[in-house]
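Quick note: residue numbers are just sequence positions, from 1. The structure presented is a predicted model; accordingly, all values stated were derived computationally and were not measured.
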Amino acid sequence: MSKFKPPPIPAGASYADPRVRERMAAWIKEFHYEQVATIGGSELLEVYYQALNNWVLNPTTNSHDIELLIDEICHTARLEDSDS
C-alpha cells in the first residue's frame with residue numbers, strides 16, 4: 001500500500017471536466033509541498049526527472065502529449081528566467 005494519498009478523482013471521472021482538473025492540480029501542488037518538506041527539493045527534482053523520463057519512454061504515451069509537456073516546461077522555464 002502506498003504511503004501517498006491518492007488523487008481525489010472518483011472512479012470513472014473524466015479529465016475533460018474542469019473541476020476534475022482543478023482537483024488534480026490542487027493534489028499535485030499538495031503532493032509537491034509535502035515531498036519537498038520530506039525529501040528535499042533536489043531529491044524531488046530527481047524523482048520528477050525519472051518519472052518524466054519513464055513516461056516519455058512508455059510506448060503508450062501519446063507523442064502529441066509529450067510535445068505539449070515539453071513546450072510547457074520550456075515556456076515556464078523562460079518565464080522563470082525573466083523573473084530573475
If I take atom [atom1] from residue [X] and atom [atom2] from residue [Y], how far apart are they, to the nearest 0.5 angstrom?
| X | Y | atom1 | atom2 | value |
| --- | --- | --- | --- | --- |
| D71 | T76 | CG | OG1 | 10.5 Å |
| E30 | Q35 | CD | CD | 10.5 Å |
| E80 | H75 | CD | NE2 | 10.5 Å |
| E67 | N62 | CD | CG | 9.0 Å |
| Y33 | L44 | OH | CG | 11.5 Å |
| H32 | Y48 | NE2 | OH | 5.0 Å |

Any side-chain heavy atom of [X] sitting closer than 4.5 Å to one from [Y]?
| X | Y | answer |
| --- | --- | --- |
| V47 | Q50 | no |
| L69 | W55 | yes |
| N54 | N58 | no |
| E46 | S42 | no |

State, to 0.1 Å, how close [X] and [Y] come at their nearest heavy-atom pair, and which atoms those are.
| X | Y | answer |
| --- | --- | --- |
| I9 | R23 | CD1-CB, 4.2 Å |
| P6 | W27 | O-NE1, 3.4 Å |
| A13 | V20 | CB-CG2, 4.0 Å |

Do the side chains of L68 and I73 join up, straight or via other hydrophobic residues, at under 4.5 Å, putting them in one cluster?
no

Establish whether Y15 and I66 are linked, either directly or via other cluster members, by ILVMFWY side-chain heavy-atom contacts under 4.5 Å.
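Each belongs to a different hydrophobic cluster.
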
